[in-house]
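Reviewing the structure listed below.
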Amino acid sequence: MMNEDKFNLGDFLKSVRNEYKFSTRQLAKVTGFSHSYISSVENNVKKSPSTAFIQKYFMGLTNKNIADANYYIEKVNRLSKGEYTFEKVPTKEYVNSMISAFAQVFSDTHTFVEEGNKENPGTERTFTEPINDINFHLNDTNNNKYFRKIKIDHDEMIYINEMINNYLLQVYYAQLKEVAALFLSGEISKETHKKEEDRINEIINTLDDKENLYSDEIKFYNN
């Protein structure tokens, strides 16, 4: 029985592997990691394995049973008392909902629906400018900008613009990892993975294009 007060990741992994009666060579075949690398983690030569390794390790042992794999991942995180915080293998339902949600992010930026009521529903108005794009408003120096009736100056507009852009980059990089993990677990096909990866990378490339983050007017104030 393991001493939970002195958690050793390598010993824990080895004990679970032995329970499933896998050799390191057998596990190497189903994880894609070499048997020597698996041994180095189990023998604590490699003390900080990646989340991808841990996920593949337990998915390989459990024959791609996500619930069982996540049980062991949660146990590692709990027993290590914060030393390890490996992400669980995402479920198909979670990733599908995430994909659907983010697929709606870039909707029509030029159509604005005016407020209406039961008798007179709101009407749509189409603008030349991308009226629904926050980046457009944070680059517009022709009109004053406010947040909850508090005026925002140009320096604050620049800061808010960068903050939103960096936040979205983090969101989409995280989504890339989630989709990759779902593919590795066998929950989505290679074709679906490629399609979603291309879609997400296109968004990331847009966000990474810092040259077009600012209008010429805002660049003037930023210099």
Side-chain angles (χ1 to χ4, degrees), residues 1-105 169-201 203-204:
M1 181 176 178
M2 293 184 60
N3 186 340
E4 296 192 5
D5 292 330
K6 296 181 179 180
F7 180 76
N8 182 297
L9 178 61
D11 290 346
F12 179 82
L13 294 176
K14 190 182 299 184
S15 68
V16 177
R17 177 172 60 77
N18 289 335
E19 286 180 13
Y20 281 87
K21 295 180 171 55
F22 265 71
S23 69
T24 55
R25 291 185 183 276
Q26 288 173 320
L27 188 56
K29 290 181 180 179
V30 296
T31 62
F33 289 92
S34 67
H35 72 92
S36 59
Y37 183 84
I38 292 172
S39 294
S40 70
V41 175
E42 291 184 348
N43 293 319
N44 299 300
V45 176
K46 301 284 187 182
K47 295 185 178 180
S48 299
S50 66
T51 290
F53 172 82
I54 293 297
Q55 290 177 345
K56 289 181 180 179
Y57 189 99
F58 289 124
M59 287 291 283
L61 290 179
T62 61
N63 193 27
K64 295 185 178 180
N65 186 310
I66 293 178
D68 288 348
N70 283 340
Y71 164 78
Y72 288 115
I73 293 173
E74 288 179 333
K75 193 169 184 179
V76 167
N77 293 341
R78 176 173 56 82
L79 294 179
S80 68
K81 297 179 179 178
E83 181 180 357
Y84 298 105
T85 54
F86 297 116
E87 295 177 9
K88 294 189 296 183
V89 180
T91 64
K92 183 176 182 179
E93 291 76 14
Y94 169 74
V95 176
N96 283 344
S97 65
M98 179 184 63
I99 289 173
S100 297
F102 283 108
Q104 303 299 318
V105 170
L169 274 171
Q170 293 178 19
V171 168
Y172 284 104
Y173 275 123
Q175 188 179 354
L176 265 185
K177 292 181 181 179
E178 297 285 5
V179 172
L182 193 61
F183 170 63
L184 291 173
S185 70
E187 291 295 308
I188 60 175
S189 67
K190 183 178 180 179
E191 291 74 21
T192 299
H193 173 243
K194 181 65 167 58
K195 179 181 177 182
E196 291 304 319
E197 186 179 54
D198 288 347
R199 180 184 66 80
I200 299 166
N201 277 324
I203 294 172
I204 289 174

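The residues of the chain are indexed from 1 along the displayed sequence.
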Nearest heavy-atom contact between L176 and I200 is CG-CG2, 3.7 Å

Exercise for the section: Tell me, with the steps shown, if K81 and F7 meet side chain to side chain contact (heavy atoms under 4.5 Å, CB included). Expected result: CA-CA 9 Å; K81 297 179 179 178; F7 180 76; over 6 Å; no

task = Report yes if some heavy atom in the side chain of M59 is under 4.5 Å from a heavy atom in the side chain of L184; otherwise report no.
result = no

d(Y20 OH, L61 CG) to nearest 0.5 Å is 7.0 Å

query = Any chance NZ of K46 has more than 12 other-residue heavy atoms, nucleotides or ligands included, within less than 6.0 Å?
reply = no

Open item on the list: Check the orientation of Y72 and F58. Use parallel for under 30°, tilted for 30 to 60°, and perpendicular for over 60°.
Closed with: parallel

G10 and N8 have their tightest heavy-atom pair at N-OD1, 3.1 Å

### Query
Side chains of L9 and K47: closer than 4.5 Å at any heavy-atom pair?
no

Distance col, row K194:NZ vs S189:OG, nearest 0.5 angstrom, shows 12.5 Å

Rounded to the nearest 0.5 angstrom, the CG-CD distance for L79 and E74 is 11.5 Å

*asked:* What I'd like to find out is whether the side chain of T192 reaches to under 4.5 Å of the side chain of L182, using heavy atoms alone.
replied: no

Spell out, as yes or no, whether a donor-acceptor pair under 3.5 Å connects the side chain of E197 to the backbone of A180.
no

Shortest non-hydrogen pair, T24 vs S39, comes out as CG2-OG, 3.7 Å

All heavy atoms of N44 vs all of D11, minimum pair found to be ND2-OD1, 4.4 Å

Rounded to the nearest 0.5 angstrom, the OG-CD1 distance for S23 and I38 is 9.0 Å

Does a side-chain heavy-atom distance below 4.5 Å link R78 with K75?
-> yes

Audit row: K29, Q26, side chain to side chain contact (heavy atoms under 4.5 Å, CB included) steps and yes/no: CA-CA 5 Å; K29 290 181 180 179; Q26 288 173 320; 5.8 Å; no

More than 12 foreign heavy atoms under 6.0 Å from OH of Y71: is that the case here? no

Please work out whether the ring planes of F53 and F33 are parallel, tilted or perpendicular, with thresholds of 30° and 60°. perpendicular

Candidate pair I54 and V76, rule side chain to side chain contact (heavy atoms under 4.5 Å, CB included), full reasoning = CA-CA 10 Å; I54 293 297; V76 167; 5.6 Å; no

So OG1 of T51 and CD1 of I73: to nearest 0.5 Å the spacing works out to 8.0 Å

Practice problem: Any chance you could lay out the salt bridge (Lys or Arg N to Asp or Glu O under 4.0 Å) test for R199 and E196, step after step, and finish with the verdict? | Solution: CA-CA 5 Å; R199 180 184 66 80; E196 291 304 319; 2.9 Å; yes

Worksheet item: Do L13 and P49 come within less than 4.5 Å of each other through their side chains, counting heavy atoms only?
Response: no

Under the side chain to side chain contact (heavy atoms under 4.5 Å, CB included) rule, what do Y57 and E42 come out as? Steps first, then yes or no, please.
-> CA-CA 11 Å; Y57 189 99; E42 291 184 348; 2.5 Å; yes

Exercise. Output yes when a side-chain donor or acceptor of R17 lies under 3.5 Å from a complementary backbone atom of F22, and no otherwise.
Key: yes

When every non-hydrogen atom of K64 is compared with those of G186, the smallest separation belongs to NZ-CA, 4.5 Å

Of all heavy-atom pairs linking V89 and N70, the shortest is N-OD1, 2.6 Å

